[in-house]
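What follows is a set of notes on a single structure, which appears directly below.
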Amino acid sequence: MKNRTGVISWGNVFFFGAAIVLFVIAFHYLTDIKLVAHMFRSVRVGWLSVAILAQAATYLCTAIAYERGLRMCEAPPVPLGALFTASVVALFVNQAIPSGEMSGGVFLSDFLAKRGTPLRRAFSVFFIELLAFYVAAITLIVIVALVCFFVHVPEFVLPILGGGLLVYVFFFTIITLIGKGKFLSRIIRRLQTISFFKKYVDNLHTIQEEAHTDNVHHPLQLLLHKKKSSLEAVLAQIGVFVADALTVYALFAGLDGKVSFFVIFCVMVLTKIVAVVPIAPGALILFESSMVFFLVSFGVGTSVALVVTLLYRALSFWLPMPIGLFLYRRMRKNNRASNQHLAIRHV
């Protein structure tokens with residue numbers, strides 16, 4: 001697909017490629033999708049509304065984490081509504097291109113750079129958001145593990161929590177190393193050699209100069225020194241976990257299921273630990289099978305566990321995918337129109 005200059009538009013290639021992948025996945029799971037559509041009609045409207053609002057809250061919490069990152073980096077402010085939209089698109093990009101959050105991070109950095117944030121600071125915002133997420137995950141794992149010592153849980157719960165703790169500590173360490181100025185410069189130069197990322201990480205020839213002239217601190221230093229904003233960013237990431245668990249709780253309640261919020265929250269943490277490795281878009285199959293297994297292990301009926309899992313994934317994965325694809329396409333059109341307008345003004 002070529003633009004008017006005859007150059008291949010990798011954004012269009014990605015758009016149509018993602019659309020094809022989405023279509024193939026949807027076609028493969030067509031039976032499940034029909035079943036989910038039927039099951040939605042079985043959920044009481046009030047609780048279904050709570051579930052939908054809880055899922056929307058996950059994007060709001062992510063947007064708040066972005067905003068706190070911008071504040072810590074002393075970058076130009078971006079309206080919360082725009083950050084909310086960016087969080088939806090970042091999720092879509094991460095799910096369409098499994099890369100350990102890096103694909104969504106490149107999108108976010110480009111999004112912020114187009115709104116006046118220096119590129120290096122834009123990447124720092126992304127790393128701050130990731131570090132805040134890992135701190136939140138580690139905190140919640142420790143809390144859930146401590147509670148498990150006082151309540152009866154399946155034997156595998158504590159070993160999985162322990163493994164998850166090690167995994168998130170490892171990821172935290174890796175992101176801390178990557179976030180260093182020189183390391184970040186090398187990463188960005190490598191991204192410049194990849195066609196898709198090069199489209200988004202523009203003006204890369206200035207990154208080395210920014211590394212010397214921009215006095216932004218290392219993301220970990222910002223988290224440690226700007227304690228109020230750091231705490232708010234971590235709490236926002238904890239809010240994502242809570243909102244996801246509330247979504248599942250509302251779906252159970254809407255189907256007259258009796259499951260404690262702690263069990264649901266514990267299952268959500270366990271499932272996210274198992275599905276943390278990006279082996280497929282949205283951890284398809286692995287996420288669903290893990291969540292059903294954990295729910296059944298806590299005493300939930302298999303059929304009810306399967307129904308709630310499919311409903312949750314419909315709200316957290318299937319519905320955001322076409323919405324994210326649409327918003328991504330609209331953002332590209334708006335950016336292209338803005339660039340053309342600027343070009344005309346300079347003529």
Working for side-chain contact (heavy atoms from CB on, under 4.5 Å), residues M331 and V89 = CA-CA 9 Å; M331 280 184 176; V89 179; 4.1 Å; yes
Are side-chain heavy atoms of [X] and [Y] found at a separation under 4.5 Å?
{"X": "L83", "Y": "L70", "answer": "yes"}
{"X": "F252", "Y": "L295", "answer": "yes"}
{"X": "V157", "Y": "P154", "answer": "yes"}
{"X": "Y66", "Y": "S87", "answer": "yes"}
{"X": "V267", "Y": "F298", "answer": "yes"}
{"X": "Q237", "Y": "C61", "answer": "no"}
{"X": "F294", "Y": "C266", "answer": "no"}
{"X": "R68", "Y": "I128", "answer": "no"}

Centres of the Y134 and F170 rings: under 6.0 Å?
->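 No: the rings miss the under 6.0 Å criterion.
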Between K227 and E232, is a salt bridge (charged side-chain N to carboxylate O under 4.0 Å, His left out) present by the stated rule, with each step listed?
-> CA-CA 8 Å; K227 295 181 176 58; E232 290 171 346; over 6 Å; no
Could you tell me how the ring of Y168 sits relative to the ring of F171: parallel (under 30°), tilted (30 to 60°) or perpendicular (over 60°)?
-> perpendicular
Hey, can you tell me if Y328 and F107 have their rings parallel, tilted or perpendicular (30° and 60° cut-offs)?
->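 Ring orientation of Y328 relative to F107: tilted.
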Side-chain donor-acceptor pair under 3.5 Å between Q55 and T247, yes or no?
-> yes
Does NZ or CZ of [X] come closer than 6.0 Å to the centre of the six-membered ring of [Y], within 45° of the ring's axis?
{"X": "K272", "Y": "F241", "answer": "yes"}
{"X": "R329", "Y": "F326", "answer": "no"}
{"X": "R115", "Y": "F111", "answer": "yes"}

Roughly how far, to the nearest 0.5 Å, is [atom2] of [Y] from [atom1] of [X]?
{"X": "R121", "Y": "L222", "atom1": "CZ", "atom2": "CG", "result": "9.0 Å"}
{"X": "L231", "Y": "L223", "atom1": "CG", "atom2": "CG", "result": "11.0 Å"}
{"X": "Y312", "Y": "I264", "atom1": "OH", "atom2": "CD1", "result": "11.5 Å"}
{"X": "F156", "Y": "S297", "atom1": "CZ", "atom2": "OG", "result": "3.5 Å"}
{"X": "L325", "Y": "M321", "atom1": "CG", "atom2": "CE", "result": "7.5 Å"}
{"X": "L310", "Y": "L251", "atom1": "CG", "atom2": "CG", "result": "11.0 Å"}

Could you tell me which non-hydrogen atom of [X] sits nearest to which non-hydrogen atom of [Y], and how far apart they are?
{"X": "M291", "Y": "T309", "answer": "CG-OG1, 3.7 Å"}
{"X": "T176", "Y": "F172", "answer": "OG1-O, 2.7 Å"}
{"X": "A65", "Y": "A233", "answer": "CB-O, 4.3 Å"}
{"X": "A122", "Y": "T117", "answer": "N-CG2, 3.5 Å"}
{"X": "F287", "Y": "A275", "answer": "CD1-CB, 3.8 Å"}
{"X": "I273", "Y": "V276", "answer": "O-CG1, 3.1 Å"}

Taking a hydrophobic cluster as the set of Ile, Leu, Val, Met, Phe, Trp and Tyr residues connected by side-chain heavy atoms closer than 4.5 Å, whether directly or through intermediates, do V147 and V144 fall within one such cluster?
->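 V147 and V144: one cluster.
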Between L255 and L311, does a side-chain contact (heavy atoms from CB on, under 4.5 Å) hold up when you go through it step by step?
-> CA-CA 11 Å; L255 293 170; L311 289 174; 4.0 Å; yes
Run the numbers on L165 and L161 for side-chain contact (heavy atoms from CB on, under 4.5 Å), then give the verdict.
-> CA-CA 6 Å; L165 183 63; L161 291 174; over 6 Å; no
Do L140 and F265 pass the side-chain contact (heavy atoms from CB on, under 4.5 Å) test, and can you show the C-alpha distance, the side-chain angles, and the key distance before you say yes or no?
-> CA-CA 10 Å; L140 292 175; F265 192 83; 3.8 Å; yes
